[in-house]
There are 2 protein chains.
Amino acid sequence: MTSTLGFAILAVLARGERTGYDLAAAMRTPVGYFWTAGHSQIHAELQKLRADGLVGFEAEHGPGPQGKKVYHLTADGLAALRAWVTEPPRARPERDELVLKTYASWLAEPGLLRRLFADQLAMHEERLAGYEREEAAFGGPPPPGDPRFGNYATLWCGLGYERHRVEWCRWMLERLSSAGA
Amino acid sequence: MTSTLGFAILAVLARGERTGYDLAAAMRTPVGYFWTAGHSQIHAELQKLRADGLVGFEAEHGPGPQGKKVYHLTADGLAALRAWVTEPPRARPERDELVLKTYASWLAEPGLLRRLFADQLAMHEERLAGYEREEAAFGGPPPPGDPRFGNYATLWCGLGYERHRVEWCRWMLERLSSAGA
DNA sequence: CAAACCATGTAACCAGTTACATGATTAC
DNA sequence: GTAATCATGTAACTGGTTACATGGTTTG
């Protein structure tokens with residue numbers, strides 16, 4: 001029973017062999033935009049994946065007390081990843097603290113509330129601008145089948161999400177202003 | 001150090017006294033759209049909130065081996081909730097399994113992938129239609145300061161989110177169709 | 001030679017889920 | 001009377017975070 005984190009690791013490894021350290025870096029950027037994990041979790045998961053025969057490694061001489069291990073997908077690992085990709089995602093409960101605050105926002109001081117949403121708006125506008133720069137660097141979507149299609153399609157999702165968030169923050173600020181201080 | 005779940009409970013209690021059972025129901029609908037918890041977690045959290053003096057309860061005779069406890073906010077609880085509402089939300093790591101699958105989608109069979117996104121599209125269209133019906137029932141936003149403002153504003157966020165998701169699924173399907181197979 | 005980076009691992013803790021356990025009240 | 005609902009709690013487990021622990025390699 002491979003966990004979602006396990007598949008996240010397999011998905012990175014499908015693009016080329018990596019050390020645990022490299023995987024941790026990938027789990028910050030770009031995979032961190034939709035799935036994250038610290039290095040301690042990654043090393044533990046790699047041991048499980050290895051026990052299940054989904055990854056293997058070559059030990060190399062390198063830094064640290066244990067040297068380094070370069071992990072790669074096995075044939076079984078690739079097959080498991082391929083099968084997982086098109087299966088419907090397990091529904092996870094939503095958890096959005098800003099929306100929860102919004103639910104209780106009728107209790108808040110209007111000035112402080114406007115400040116909260118103005119800050120959130122600025123943050124999402126900044127992220128959006130960053131994604132737009134990234135998108136421009138692509139110059140159009142790569143074809144499905146190209147690994148870069150995965151990067152582009154997730155970026156496109158991020159663009160849509162940030163736009164939605166920006167619009168919602170602006171809508172909130174309008175509502176909060178029109179009702180006076 | 002009250003947890004976010006603690007504030008979710010306080011936010012519900014701010015609208016009126018409730019039993020743990022009632023709180024669990026609220027954590028399914030409507031709060032469940034942005035924060036969820038099972039009843040076991042809620043009872044445990046209520047004990048902590050009580051130890052911190054943020055809630056109190058009246059024991060009543062009722063069903064079950066322990067009777068029932070009707071919880072209410074204390075003055076401290078209301079103050080803590082008010083202070084929390086306008087503080088910036090703690091950044092949580094994103095975890096979106098569908099986007100992770102998308103990242104690995106270059107490996108997938110095109111037909112199965114189209115099926116995945118068609119199903120997701122149908123699901124989000126259905127949710128969107130439901131939210132639109134709810135929105136129509138409001139007949140415009142209540143003023144901030146009205147508890148119903150909280151409900152309306154979170155609903156508006158949900159509407160935007162579902163629209164974004166619908167658009168992204170459609171974009172994916174277009175990309176996947178134009179590339180043949 | 002010092003700091004930053006590369007590299008792997010364990011342990012303790014916290015949050016959240018699922019399963020177990022009990023039993024009164026209400027509606028049919 | 002029986003089933004659904006109301007009602008509260010504990011225990012075991014899983015996933016994830018933070019802190020602890022070690023030490024080699026590279027760059028300035």
Side-chain angles (χ1 to χ4, degrees), chain A residues 1-9 12 17-29 31-32 34-52 55 57-71 89-97 100, chain B residues 1-9 12 17-29 31-32 34-52 55 57-71 89-97 100:
Chain A
M1 273 284 297
T2 306
S3 67
T4 306
L5 171 60
F7 287 111
I9 290 172
V12 176
E17 51 176 37
R18 298 273 167 17
T19 63
Y21 185 88
D22 293 334
L23 283 163
M27 288 296 168
R28 283 189 295 273
T29 299
V31 177
F34 40 90
W35 207 272
T36 49
H39 78 272
S40 64
Q41 216 186 339
I42 288 167
H43 286 297
E45 190 66 34
L46 280 169
Q47 286 171 28
K48 281 185 212 162
L49 291 171
R50 223 225 140 195
D52 294 342
V55 303
F57 67 82
E58 312 292 327
E60 279 183 25
H61 173 71
Q66 287 94 358
K68 74 171 170 176
K69 296 172 180 173
V70 182
Y71 287 88
R90 287 211 307 309
R92 301 173 62 90
E94 290 293 325
R95 282 204 174 85
D96 189 325
E97 202 175 312
L100 180 57
Chain B
M1 272 283 301
T2 306
S3 67
T4 305
L5 172 60
F7 288 111
I9 290 172
V12 175
E17 51 174 39
R18 298 275 190 309
T19 63
Y21 185 89
D22 293 334
L23 283 163
M27 289 295 169
R28 284 188 295 274
T29 298
V31 178
F34 40 90
W35 207 271
T36 50
H39 78 273
S40 63
Q41 216 186 339
I42 287 167
H43 287 295
E45 190 66 34
L46 280 168
Q47 286 171 28
K48 283 184 212 163
L49 291 171
R50 221 223 140 198
D52 295 342
V55 302
F57 66 82
E58 311 292 327
E60 280 183 24
H61 173 71
Q66 287 95 359
K68 74 170 169 176
K69 297 172 182 174
V70 181
Y71 288 89
R90 286 211 307 306
R92 314 180 108 244
E94 290 293 326
R95 281 203 175 86
D96 187 326
E97 201 174 314
L100 180 59

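Just so we're on the same page: letters track the sequence lines, and every chain starts at 1. Computed from a predicted structure; not experimentally measured.
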So, OP1 or OP2 of D:dT17: does either fall under 4.0 Å of a side-chain N or O from A:Gln41?
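Yes, such a contact exists.
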
Between B:Arg90 and D:dT17, is there a side-chain N or O to OP1/OP2 distance below 4.0 Å?
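False: B:Arg90 side-chain N/O out of range (4.0 Å or more) of D:dT17 OP1/OP2.
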
Just compare [options] and give me whichever is closest to any side-chain atom of [X].
X       : options                : answer
A:His39 : C:dG9, D:dG9, D:dT10   : C:dG9
A:Arg95 : D:dT10, C:dG16, D:dG15 : C:dG16
A:Tyr71 : C:dG9, C:dT18, C:dT10  : C:dG9
A:Gln47 : C:dA7, C:dG9, D:dT10   : C:dG9
A:Lys69 : C:dG9, D:dG9, C:dA7    : C:dG9
A:Trp35 : C:dC6, D:dT17, D:dG16  : D:dG16

Indicate, yes or no, whether a donor-acceptor pair under 3.5 Å links the base of D:dT8 to the side chain of B:Thr19.
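Under the 3.5 Å cut-off, the side chain and the base do not form any donor-acceptor pair.
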
Does B:Ser40 make a side-chain donor-acceptor contact with the base of C:dT18, cut-off 3.5 Å?
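Side chain to base: pair found, below 3.5 Å.
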
Starting from [atom2] on [N], measure out to [atom1] on [X] and report it in whole angstrom.
X       : N      : atom1 : atom2 : value
B:Leu49 : C:dA15 : CG    : P     : 12 Å
A:Leu46 : D:dG15 : CG    : C1'   : 16 Å
A:Met1  : C:dT17 : CE    : P     : 16 Å
A:Gln66 : D:dA21 : CD    : P     : 15 Å
A:Met27 : D:dT17 : CE    : C1'   : 16 Å
A:Ile42 : C:dT8  : CD1   : P     : 10 Å
B:Glu45 : D:dT8  : CD    : P     : 16 Å
B:His43 : D:dT10 : NE2   : P     : 10 Å

Reading nucleotides 23-28 of chain C from 5' to 3' and marking B where a protein heavy atom lies under 4.0 Å of the base, S where only the sugar-phosphate is that close, and - otherwise, the string is BBS---

Residue list, salt bridge (charged side-chain N to carboxylate O under 4.0 Å, His left out) with B:Asp96, at least two apart or on another chain:
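In terms of salt bridge (charged side-chain N to carboxylate O under 4.0 Å, His left out), with neighbours along the sequence ignored, B:Asp96 is linked to B:Arg165.
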
